[in-house]
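This report refers to the structure that appears directly beneath it.
In what follows, every heavy atom counts, from backbone to side chain, and hydrogens, waters and symmetry copies are set aside.
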Amino acid sequence: MSTYDILVVGGAGIDTIVQVPDLRLPAADSLHVPPILDYVAHTGNGVAQGCHALGLRCKFIDFIGDDAQGAAILQRYKEIRLDFSYLVEPSGTRRSVNLLDPQGRRLSLYDGRHPESLRMPANFYLPYLAPARHAHFSIMAWVAHLYDDALASGTTVSTDLHDWDGVNPHHRVFAFYSDLVFLSTAALGDRRDGVMHEIVDQGRAQAVVAMAGGDGAYLLERGKDNVRHFPCAALGLPVLDTNGAGDSFVAAFLHAWLAGESVHTAMRRGAIGGAFACAHRGTHERFIGKTEMLDLYQDRTSL
């Protein structure tokens with residue numbers, strides 16, 4: 001029996017949320033805004049906390065700084081009992097400043113700060129990678145070097161390419177070496193289906209999921225010719241904040257997929273997880289639990 005259902009690799013940080021009247025800021029020296037708040041956030045954090053909230057045995061590993069932001073991350077994980085191991089990176093903890101408009105749309109100013117030469121020692125990550133049923137890789141440069149060991153360990157891998165344009169070479173190893181690929185449609189335009197087919201044709205992916213926010217999500221399965229559309233989950237909840245919605249979609253999808261559910265069920269549960277996240281302010285402040293997920297899924301399927 002595997003020690004962990006899922007190992008999440010990389011992607012812990014701090015979001016500073018600034019509410020603005022419009023993402024196109026005026027050319028002015030100052031702008032009065034509501035209180036500016038900091039949240040434990042970033043993509044790996046969202047997937048790890050989301051899987052943890054759904055009851056998966058989750059392990060999370062990363063680099064963080066010996067700073068106030070790193071201390072906030074450690075305190076949050078202690079409070080929720082998320083199993084987290086880390087190495088200290090002298091350049092500090094990753095951060096983002098996210099501008100958020102009244103419709104819940106965001107613009108993220110990302111400070112990755114860690115050097116491109118950073119590598120995680122194998123003797124640190126292998127004791128967690130080998131016993132895991134599945135691993136989710138965030139797209140930091142150092143994480144790309146774990147694929148060979150994941151393959152040797154027989155551990156399947158998923159990743160989220162976020163707003164990949166289908167061209168940037170940084171993302172290609174993640175796109176073509178993962179068994180399950182998520183990405184946003186934001187930078188794809190009318191190339192969405194072509195990029196999804198390229199990921200399947202040139203890589204290992206059994207399925208590619210392109211998330212389109214309020215327009216739902218798209219699925220391409222290996223062996224299928226057509227991209228299938230899945231609508232958003234209409235939960236009757238307000239859209240307050242889209243920060244972290246994609247990570248919640250991924251966590252809910254993985255929870256169903258690792259339970260042996262069909263990929264179509266996983267898509268529908270992912271949609272529920274993403275919509276649920278949008279109804280709560282702050283990045284990764286509230287995650288859907290297993291009971292809530294199953295209740296909402298049953299409500300959707302009974303319609």
Given side chains that start at C-beta, do those of [X] and [Y] come closer than 4.5 Å, heavy atoms only?
{"X": "Leu25", "Y": "Val20", "result": "yes"}
{"X": "Ile288", "Y": "Leu54", "result": "yes"}
{"X": "Arg95", "Y": "Asp67", "result": "yes"}
{"X": "Val263", "Y": "Leu219", "result": "yes"}
{"X": "Ile199", "Y": "Leu161", "result": "yes"}
{"X": "His197", "Y": "Val208", "result": "no"}
{"X": "Pro115", "Y": "Glu89", "result": "yes"}
{"X": "Leu82", "Y": "Cys58", "result": "yes"}

Spacing of [X] atom [atom1] and [Y] atom [atom2] [to the nearest 0.5 Å]:
{"X": "Thr159", "Y": "Leu183", "atom1": "OG1", "atom2": "CG", "value": "10.0 Å"}
{"X": "Glu221", "Y": "His264", "atom1": "CD", "atom2": "NE2", "value": "4.5 Å"}
{"X": "Ile64", "Y": "Gln69", "atom1": "CD1", "atom2": "CD", "value": "10.5 Å"}
{"X": "Phe124", "Y": "Leu87", "atom1": "CZ", "atom2": "CG", "value": "4.0 Å"}
{"X": "Ile14", "Y": "Thr93", "atom1": "CD1", "atom2": "OG1", "value": "7.0 Å"}
{"X": "Trp257", "Y": "Met267", "atom1": "CH2", "atom2": "CE", "value": "14.0 Å"}

Quick check: are there more than 12 heavy atoms from other residues, nucleotides or ligands sitting under 6.0 Å from [atom1] of [X]?
{"X": "Asp148", "atom1": "CG", "answer": "no"}
{"X": "Tyr147", "atom1": "OH", "answer": "yes"}
{"X": "Asp66", "atom1": "CG", "answer": "no"}
{"X": "Phe230", "atom1": "CZ", "answer": "yes"}

Linking I/L/V/M/F/W/Y whenever their side-chain heavy atoms sit closer than 4.5 Å, directly or via other members, would [X] and [Y] fall into one cluster?
{"X": "Met120", "Y": "Leu7", "result": "yes"}
{"X": "Ile80", "Y": "Tyr86", "result": "yes"}
{"X": "Val9", "Y": "Leu126", "result": "yes"}
{"X": "Leu151", "Y": "Leu129", "result": "no"}
{"X": "Leu31", "Y": "Ile36", "result": "yes"}

Taking salt bridge (charged side-chain N to carboxylate O under 4.0 Å, His left out) as the definition, give me every residue that meets it alongside Asp5, ordered by chain and number, with sequence neighbours left out. Arg57, Arg133
Could you go step by step and tell me if Arg269 and His255 meet the side-chain hydrogen bond (donor to acceptor under 3.5 Å, both in side chains) rule? CA-CA 9 Å; Arg269 292 193 186 174; His255 176 258; 4.6 Å; no
Backbone N/O of [Y] and side chain of [X]: donor-acceptor pair under 3.5 Å:
{"X": "His134", "Y": "Thr156", "value": "yes"}
{"X": "His136", "Y": "Ala251", "value": "no"}
{"X": "Arg192", "Y": "Thr185", "value": "no"}
{"X": "Asp22", "Y": "Arg24", "value": "yes"}
{"X": "Ser153", "Y": "Thr155", "value": "no"}

Between Glu292 and Ile272, does the side-chain contact (heavy atoms from CB on, under 4.5 Å) criterion hold? Intermediate values first, please. CA-CA 10 Å; Glu292 291 169 309; Ile272 292 170; over 6 Å; no
Enumerate the residue pairs fulfilling salt bridge (charged side-chain N to carboxylate O under 4.0 Å, His left out) with a member in residues 172-183, sequence neighbours excluded, ordered by first and then second residue. Arg172-Glu198, Asp179-Arg204
Give the C-alpha distance, both sets of side-chain angles, the deciding distance and a yes or no for side-chain contact (heavy atoms from CB on, under 4.5 Å) between Leu254 and Val250. CA-CA 6 Å; Leu254 291 175; Val250 170; 3.8 Å; yes
Which pair of non-hydrogen atoms, one from [X] and one from [Y], has the smallest distance, and what is that distance?
{"X": "Arg222", "Y": "Val200", "answer": "NH2-O, 2.7 Å"}
{"X": "Pro102", "Y": "Pro21", "answer": "CD-O, 3.3 Å"}
{"X": "Ala210", "Y": "Met196", "answer": "CB-SD, 3.8 Å"}
{"X": "Asn45", "Y": "Ala12", "answer": "CB-CA, 4.4 Å"}
{"X": "Asp62", "Y": "Gly11", "answer": "OD2-N, 3.0 Å"}
{"X": "Thr43", "Y": "Asp247", "answer": "OG1-OD1, 2.9 Å"}

Run Val157 and Tyr177 through side-chain contact (heavy atoms from CB on, under 4.5 Å) and show every step you take. CA-CA 8 Å; Val157 177; Tyr177 282 81; over 6 Å; no
Verdict with supporting geometry, Trp142 and His114, ring pair (Phe, Tyr, Trp, His ring centres under 6.0 Å): CA-CA 10 Å; Trp142 60 267; His114 295 170; 8.3 Å; no
Ser158 and side chain to side chain contact (heavy atoms under 4.5 Å, CB included): which single residue from Phe182, Phe253, Phe137 fits? Phe182
Between Trp164 and Phe174, is the ring centroid distance below 6.0 Å? no
Close aromatic pair by centroid cut-off 6.0 Å: His42 and Tyr110: yes
For residues 89-108, pull every pair meeting ring pair (Phe, Tyr, Trp, His ring centres under 6.0 Å), keeping only residues two or more places apart or in separate chains. none
Should the pair Phe84 and Tyr77 be assigned to parallel (<30°), tilted (30 to 60°) or perpendicular (>60°) ring geometry? perpendicular
Are Lys59 and Asp83 ion-paired here, with the side-chain N under 4.0 Å from a carboxylate O? yes
